[in-house]
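Basis for what follows: all heavy atoms, side chains included, without hydrogens, waters or symmetry-related copies.
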There are 2 protein chains.
Amino acid sequence: MSINEKGNRKHSCECVGAVATLPDEELMFELADFFKLFGDSTRIRILTALDRTELCVCEISELLSMTKSAVSHQLKLLRQSNLVKCERRGKHIYYALADSHVRDIIEKALEHIAEEN
Amino acid sequence: MSINEKGNRKHSCECVGAVATLPDEELMFELADFFKLFGDSTRIRILTALDRTELCVCEISELLSMTKSAVSHQLKLLRQSNLVKCERRGKHIYYALADSHVRDIIEKALEHIAEEN
DNA sequence: AGAACAGTTGAACGGTTGTTCAACTGTTCA
DNA sequence: TGAACAGTTGAACAACCGTTCAACTGTTCT
């Protein structure tokens with residue numbers, strides 16, 4: 001039995017359970033990065049607000065009682081991940097959800113949370 | 001027009017857009033906390049591995065090439081959030097997905113990622 | 001042109017969080 | 001009983017990340 005550099009035996013587990021394999025590692029990192037975007041209360045509040053109607057940055061910042069800067073930083077992340085799209089109209093830049101998956105995913109999560117109680 | 005303590009005008013935004021309201025704040029924090037669990041590559045790898053079959057801790061740690069301690073810490077979080085359940089059988093403690101929402105949510109996320117390309 | 005508002009950006013600070021390490025509990029087997 | 005393996009736990013450290021701040025760009029209006 002091989003010994004690694006830390007002195008722990010490798011394959012110390014004697015169980016002969018299913019030789020499970022892991023899905024594509026690269027995809028797992030993409031998945032985690034995707035979910036990270038939903039894992040912040042500022043971003044999730046932005047997304048649920050946009051789920052109802054398109055909004056400009058200053059409307060969002062008033063709605064969340066946050067500075068435009070903080071909101072803008074988060075919007076940038078959401079934009080880069082194609083979760084929201086934006087369009088300038090005059091002085092304002094209006095943000096909207098980019099596709100319907102956001103809606104679906106939040107829906108499923110709410111179902112799970114609802115069942116907890 | 002009121003001025004706040006930072007010297008920034010409140011309601012400086014002149015736009016008379018939809019007076020959007022935000023969903024229950026408390027729920028937003030729960031949602032973010034829920035998604036945080038999926039937003040880590042170790043945890044998402046554990047969840048997708050368990051999606052295929054139940055596994056004991058040492059099998060998971062070999063599968064991910066991580067220490068049992070690191071895996072155990074993450075399993076604790078998943079357990080506390082009712083995403084996985086566990087059962088001791090002899091020396092081993094077997095972990096499995098707690099419900100089918102996990103499957104659904106990951107499915108939706110994969111659809112979104114797939115459409116990016 | 002210049003004032004005022006809308007929005008973005010990069011650096012910096014502070015809090016959060018994942019892994020490591022060491023010590024611990026629980027189970028099996030000789 | 002005690003050795004060996006399976007798994008958990010808390011503290012500590014390092015890396016990550018969200019907000020703040022100040023300076024910047026872009027648009028409108030006089």
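Both stacking criteria are satisfied for A:His73 over the base of C:dT9: a centre-to-centre distance under 5.5 angstrom and an angle between ring planes under 30 degrees.
Computed from coordinates, the B:Lys76 NZ to C:dT25 C1' distance equals 14 Å when rounded to whole Å. Taking atom CG of residue A:Leu64 and atom P of nucleotide D:dG18, one finds them 15 Å apart after rounding to whole Å. What separates CD of B:Glu87 from P of D:dA6 is a distance of 18 Å, to the nearest Å. Rounded to an integer number of Å, the gap from B:Leu75 CG to C:dG18 P is 13 Å. Residue B:Leu78 contributes atom CG, which lies 14 Å from atom P of C:dT17 at whole-angstrom precision. Rounded to an integer number of Å, the gap from CG of A:Asp33 to P of C:dG18 is 14 Å. Here the C1' atom of nucleotide C:dT16 and the CG atom of B:Leu37 are 14 Å apart, to the nearest Å. Atom pair A:Arg89:CZ and D:dT28:C1' shows a separation of 16 Å (rounding to whole Å applied).
Between A:Gln80 and A:Lys76 there is a side-chain heavy-atom pair separated by less than 4.5 Å. A 4.5 Å side-chain heavy-atom check between B:Ile46 and B:Leu55 finds every atom pair outside the cut-off.
Between A:Gly90 and B:Val57, the one whose closest nucleotide on DNA chain D sits nearer the 5' end is B:Val57.
Minimum atom distance to the side chain of B:Cys58 is reached by D:dG7, of the listed D:dG7, C:dT8, D:dG18. Candidate nucleotides C:dT20, D:dT8, D:dT19 were compared by shortest atom distance to the side chain of B:Lys68, and D:dT8 ranks first. Closest contact between the side chain of A:Ala70 and the listed nucleotides D:dT20, D:dT8, D:dG7 involves D:dT20. Taking only side-chain atoms of A:Lys91, from C-beta outward, the nucleotide of D:dT8, C:dG7, C:dC5 with the closest atom is C:dC5. Listed candidates were D:dG18, C:dT17, D:dT9. Nearest to the side chain of B:Lys36 is C:dT17. Checking C:dG7, C:dC21, D:dT20 against every side-chain atom of A:His92, the shortest atom distance belongs to C:dG7. Counting only heavy atoms from C-beta on, B:Ser72 has its side chain closest to D:dG7 among C:dT19, D:dG7, C:dG7. Proximity note for A:Arg43 (side chain, C-beta onward) versus D:dG18, D:dT27, C:dG7: the nearest is D:dG18.
For D:dT20, one of the phosphate oxygens OP1 or OP2 lies less than 4.0 angstrom from a side-chain nitrogen or oxygen of A:Thr67. Taking only side-chain nitrogens and oxygens, B:Ser69 never comes nearer than 4.0 Å to OP1 or OP2 of D:dT9. Contact annotation: A:Arg88 does not reach the phosphate of C:dA6 (side-chain N/O to OP1 or OP2, under 4.0 Å). Here B:Tyr95 does not reach the OP1 or OP2 of D:dA6: none of its side-chain N or O atoms lies under 4.0 Å away. An OP1 or OP2 oxygen of D:dT19 is reached within less than 4.0 angstrom by a side-chain nitrogen or oxygen of A:Gln74.
Contact check on B:Glu87 versus B:Arg89 returns a salt bridge, with a Lys/Arg side-chain nitrogen under 4.0 Å from an Asp/Glu carboxylate oxygen.
A donor-acceptor pair is defined here as one N or O able to donate and one able to accept, closer than 3.5 Å; such a pair exists between the side chain of A:Arg88 and the backbone of A:Gly90.
Interatomic distance, OH of B:Tyr95 versus SG of B:Cys56, reported as 10.5 Å (0.5 Å rounding).
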If you look only at distance, which donor and acceptor atoms sit under 3.5 Å apart when one is on a side chain in residues 34-42 of chain B and the other is two or more places apart or in another chain?
residue, atom, partner, partner atom, Å
B:Lys36, NZ, B:Asp33, OD1, 3.2
B:Asp40, OD2, B:Thr42, N, 3.1
B:Asp40, OD2, B:Arg43, N, 3.1

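Counting non-hydrogen atoms under 4.0 angstrom, B:Arg79 reaches the backbone sugars and phosphates but no base.
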